[in-house]
A.B. asks: 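Handing you a structure now.
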Amino acid sequence: MARPNAEVEALLREYADLIAITGKGAFKQRAYERAARAIGGHPTDVATLDAKRLREIPGVGSSIADKVEEYLRTGRVAAVEERRAAVPPGVRALLDVPTLGPKKAMTLYRELGVSSVDDLSAALRDDRLAELKGFGPKARENIEHGIAVLRQSSGRIALDAALDVAEETVARLAEVAGCRRCAYAGSVRRMKETIGDIDILAAADDPEPVMAAFRALPLVDEVVLRGRTKTTVRTVDGLQLDLRVLGEDSWGAGMIYFTGSKAHNIRLREIALRKKLKLSEYGLFDARTGRKRAARGEEQVYRRLGLPWIPPTLREDRGEVAAAQRDELPELVTERDIRGDLHSHTDLTDGVAPLTEMVAEAARRGYHYFAVTDHAPELRMQRMTLEKARAQREQLRELAGRHGRLKLLHGTELNIDPAGEVDWPAEVLAEFEIRVASVHSHFELDRAAQTRRLVRACENPHVNIIGHPTTRKFGRRTGIDVDLDAVFAACARTGTALEINSHPNRLDLNDEHILRARAHGVRFAIDSDAHAPAHLAHLRFGVAQAQRGWLSPDEVINTWTLTRLRRFLRKPGGGRGS
DNA sequence: GCCGTTTTCGGCCCGACTGTTTTCAGTCG
């Protein structure tokens, strides 16, 4: 289903978790986690590597290489199966509850037989945790809150995972004889930040062969609904997929209907009604005679309604239909407009690839410029020092000019402390060409303190970009409590850009924040925050959120020429800046 | 389990925060 590297990464992570839960072997657990990360971020497909080449991946030795080979050969790993037998899968799922780690999960399982998040909820309700050592009132409250955060996202999955499933399914169905067209629609096509279910549309004269192929997909666990033109299945991961088959002559109307959003479709039907037309998934019809007026292409249907084609990322009933009527749809930023990435990490801190590989990938993507922004010393676990940063700058200089037009920028990701101060004194900050500043801790400060903190960071004459501004993480954290409008205003006033972090678990800022921020006249940076070469491709998710926030290229600083970008990086009061 | 100008053993990313365990374990980044 997913890329082999992603599958192997998931398997090794699971094994690491199982080691942690069963206790003993903290370093072994770390070794598996490290190998999982390295393989997940490895540029070559592990299925094409033999044991010797596998061992060349940092963190992969003979034992892990053997397990990877075993998995690729047989689809299973005996050692993993053994651990699975000892720990019910629901116990591992407890680790997804923030503030619950392996130790507490195991205690809950051993002492109370808790083996799922639902069990845990029940145990909390019956106050059975109170008897346990290490589960005081505050800890129980934290677990309760953790479950609530988790539940907010449960039933939904991250956009990247949904796109993998959607693209794979479309590719399979497109091969079926008699399938004339196939595409995914729904919230995946609108690139919503999380996805509840996946809608697939196919065009065929006879639906049944496509339906049969759909039901037979390896990822299908259960056929929920089975009709002539519509089938619903549930995957082994609990995700719901809907397939609808239409005639090819209804394709455009069908795509509009199944892409949604529902609210957008209602707007369109209202317009149709005023024009004495009727819009359904089969087409746009004359209300009186029933004659078909348009259906084959989305453009034709929109045109018949007196509208230009509206990009799926805008179809949320946020004024796009009215804007289309006035012919004032924004010119949306696209991935092609992006000239470079301004936030990335190497193995000097917590990335998994060396500088050379990150730069090579940036060059391969055709970028004009690329900023390397490893963590600064304040994030202690990264062990950054000024000497290391300067050595990296030298290395970057040596690489300059080796990749055609690609220009390399030496930057850093600073840590914003609770008072809004960042690492390093001004003169050191001035040595860097670009400075991202982000919150990495103290998520619990109150609203006034968080707001002061971020505004202060904006006012720092060396801070160019506020990284992942809300710090929310899908299924982990809701994000800090902060007066975003005050921060947006500070960004606009000080010439500080706001990041749209493209990591599929962050997407921070999200579409709604972007819409609000842009009203303040803020500039944005769409960044990957890549920790591996493959992560540079996450940019597509950030660009999609930018589109959902109605951004045009001019509002995004990394669509600009390097000359214009450099001018922006010299903030008012930023001194030499560079 | 991985790794090596500390090289085949003995380390391993380090520190803060939190709640509760009265001396520190567990979780997080």
Side-chain angles (χ1 to χ4, degrees), chain A residues 8 11-13 15-39 51 54-70 77 79-80 83 94-108 110 129-146 149-150 345-352 374-385 388 413-418 423 438-445 467-468 471-473 475-477 479-480 501 503 505-506 508 529 531:
Chain A
V8 171
L11 183 86
L12 296 179
R13 276 187 197 280
Y15 193 55
D17 282 348
L18 294 175
I19 291 167
I21 293 167
T22 47
K24 296 182 289 265
F27 290 114
K28 192 162 148 180
Q29 174 209 347
R30 286 261 191 80
Y32 276 96
E33 273 169 4
R34 183 166 129 78
R37 266 178 5 115
I39 288 174
L54 281 170
R55 284 199 304 274
E56 286 169 8
I57 301 173
V60 178
S62 57
S63 175
I64 293 180
D66 286 350
K67 289 189 178 72
V68 173
E69 274 212 307
E70 182 186 351
V77 175
V80 179
R83 297 260 179 175
L94 296 178
L95 303 186
D96 291 334
V97 178
T99 74
L100 272 193
K103 295 288 182 295
K104 284 188 168 153
M106 194 55 186
T107 304
L108 288 166
R110 209 178 40 227
L129 266 57
E131 326 151 4
L132 292 183
K133 231 177 152 165
F135 291 83
K138 193 70 197 177
R140 298 203 295 277
E141 195 186 313
N142 288 340
I143 293 170
E144 210 156 0
H145 178 250
V149 171
L150 189 66
H345 297 272
T346 74
D347 60 5
L348 185 61
T349 56
D350 57 353
V352 300
D374 270 314
H375 289 289
E378 204 51 45
L379 268 194
R380 310 247 178 237
M381 65 177 183
Q382 309 298 354
R383 294 181 138 188
M384 181 55 109
T385 62
K388 285 190 193 174
E413 183 182 10
L414 303 163
N415 181 57
I416 304 174
D417 78 9
D423 325 49
S438 324
V439 165
H440 299 101
S441 62
H442 299 90
F443 305 115
E444 302 305 326
L445 295 181
H468 42 76
T471 76
R472 69 98 179 245
K473 265 190 171 174
R476 299 299 296 176
R477 290 199 294 266
I480 54 175
N501 189 296
H503 193 285
N505 287 342
R506 287 196 186 264
D508 178 16
D529 194 359
H531 287 66

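For the numbers below, each heavy atom of this structure counts, side chains included, while hydrogens, waters and symmetry mates do not. Predicted model, so just to flag it, every value in this text is computed and none were measured. Proteins get letters first, then strands, A, B, ... in listed order; numbering begins at 1 in each.
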A.B. asks: Which letters describe nucleotides 24-29 of chain B, given B = protein heavy atom under 4.0 Å from base, S = only from sugar-phosphate, - = neither?
C.D. replies: --SSSB
A.B. asks: By nearest atom, which of the nucleotides B:dC2, B:dT20, B:dC14 is closest to the A:Pro137 side chain?
C.D. replies: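 Shortest atom-to-atom distance from the side chain points to B:dT20.
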A.B. asks: Roughly how far, to the nearest 0.5 Å, is the CD1 atom of A:Ile39 from the CD1 atom of A:Ile57?
C.D. replies: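 One finds 5.0 Å between CD1 of A:Ile57 and CD1 of A:Ile39.
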A.B. asks: Look at the side chain of A:Arg383 and decide which nucleotide, out of B:dC17, B:dC14, B:dT20, has an atom nearest to it.
C.D. replies: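 Among B:dC17, B:dC14, B:dT20, the one nearest the side chain of A:Arg383 is B:dC14.
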A.B. asks: For A:Phe27 and B:dC12, say yes or no: do the ring centres fall under 5.5 Å of each other while the ring planes differ by less than 30°?
C.D. replies: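 Yes, the aromatic ring of A:Phe27 stacks with the base.
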A.B. asks: How close or far is atom P of B:dA16 from atom CG of A:Leu445, stated in whole angstroms?
C.D. replies: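 In whole Å, B:dA16 P and A:Leu445 CG are 16 Å from each other.
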A.B. asks: How long is the span from the CG atom in A:Asn505 to the NE2 atom in A:His468, to the nearest 0.5 Å?
C.D. replies: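 Spacing of CG (A:Asn505) from NE2 (A:His468) equals 12.5 Å.
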A.B. asks: What integer number of Å spans the P atoms of B:dC12 and B:dT18?
C.D. replies: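 To the nearest whole Å, 27 Å.
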A.B. asks: What distance separates A:Asn501 CG from A:Asp508 CG, expressed to the nearest 0.5 Å?
C.D. replies: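 Interatomic distance, A:Asn501 CG to A:Asp508 CG, rounded to 0.5 Å: 6.5 Å.
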A.B. asks: In terms of the nearest nucleotide of DNA chain B, which residue is placed more toward the 5' end: A:Arg140 or A:Ile57?
C.D. replies: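 Looking at DNA chain B, the more 5' nearest nucleotide goes with A:Ile57.
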A.B. asks: How close or far is atom C1' of B:dT18 from atom NE2 of A:His145, stated in whole angstroms?
C.D. replies: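 My rounded result for the distance is 16 Å.
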A.B. asks: Kindly write out the residues that satisfy ring-ring contact (aromatic ring centres under 6.0 Å, His included) with A:His345, not counting sequence neighbours, or none if the list is empty.
C.D. replies: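 ring-ring contact (aromatic ring centres under 6.0 Å, His included) list for A:His345, sorted by chain: A:His343, A:His375, A:His531.
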A.B. asks: Without decimals, in angstroms, what is the distance between A:Asp417 CG and B:dA16 P?
C.D. replies: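 Rounded to the whole Å, the gap is 13 Å.
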A.B. asks: Roughly how far apart, to the nearest Å, are B:dC14 and B:dT20 at atom P?
C.D. replies: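 29 Å, rounded to whole Å.
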A.B. asks: Expressed as a whole number of angstroms, how long is the span from A:Lys28:NZ to B:dC2:P?
C.D. replies: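 From A:Lys28 NZ to B:dC2 P: 10 Å.
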A.B. asks: Provide the distance between the two C1' atoms, one in B:dT8 and one in B:dC13, to the nearest whole Å.
C.D. replies: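 Going atom to atom, C1' in each nucleotide, I get 23 Å.
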A.B. asks: Would you please say whether a donor-acceptor pair under 3.5 Å links the side chains of A:Ser63 and A:Lys67?
C.D. replies: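 Result is yes, a qualifying pair exists.
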A.B. asks: How far does the P atom of B:dT6 sit from the matching atom of B:dC2, given to the nearest Å?
C.D. replies: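 So the two P atoms sit 22 Å from each other.
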A.B. asks: Figure out the CZ/P separation between A:Arg37 and B:dC2, and round it to whole Å.
C.D. replies: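 Atom CZ in A:Arg37 sits about 16 Å away from atom P in B:dC2.
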A.B. asks: Any donor-acceptor pair under 3.5 Å linking the side chain of A:Arg37 with the backbone of A:Val352?
C.D. replies: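 No: the side chain of A:Arg37 does not pair with the backbone of A:Val352.
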A.B. asks: Is the backbone of A:Ser62 close enough, under 3.5 Å, to the side chain of A:Arg55 for a donor and an acceptor to pair up by distance?
C.D. replies: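 Looks like no, no N/O pair under 3.5 Å.
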A.B. asks: Measuring only the P atom in each nucleotide, how far is B:dG11 from B:dC17? A whole number of Å is fine.
C.D. replies: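 Going atom to atom, P in each nucleotide, I get 29 Å.
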A.B. asks: Considering residues at least two apart in sequence or located in another chain, which fulfil the salt bridge (charged side-chain N to carboxylate O under 4.0 Å, His left out) criterion with A:Glu444?
C.D. replies: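 Partners of A:Glu444 under the salt bridge (charged side-chain N to carboxylate O under 4.0 Å, His left out) test: none.
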A.B. asks: Say we look at B:dC9 and B:dG15: how far apart would their P atoms be, to the nearest angstrom?
C.D. replies: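 It comes out at 29 Å once rounded to the nearest Å.
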A.B. asks: Let's test this: given Watson-Crick or G-U wobble pairing with both distances under 3.5 Å, identify the partner of B:dT8.
C.D. replies: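 Partner of B:dT8: none found under 3.5 Å.
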A.B. asks: Specify the separation, in whole Å, of atom NE2 of A:His375 and atom C1' of B:dC14.
C.D. replies: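 In whole Å, B:dC14 C1' and A:His375 NE2 are 14 Å from each other.
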A.B. asks: Rounded to the Å, how far apart are A:Asn142 CG and B:dT20 P?
C.D. replies: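 For the pair A:Asn142 CG and B:dT20 P, the rounded distance is 9 Å.
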A.B. asks: Within this structure, what is the CD1-to-P distance between A:Ile39 and B:dG1, rounded to whole angstrom?
C.D. replies: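 Distance check: A:Ile39 CD1 to B:dG1 P gives 15 Å.
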A.B. asks: Could you give the distance separating B:dA16 and B:dT23 at their P atoms, to the nearest angstrom?
C.D. replies: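 My reading of the P atoms in B:dT23 and B:dA16 gives 23 Å.
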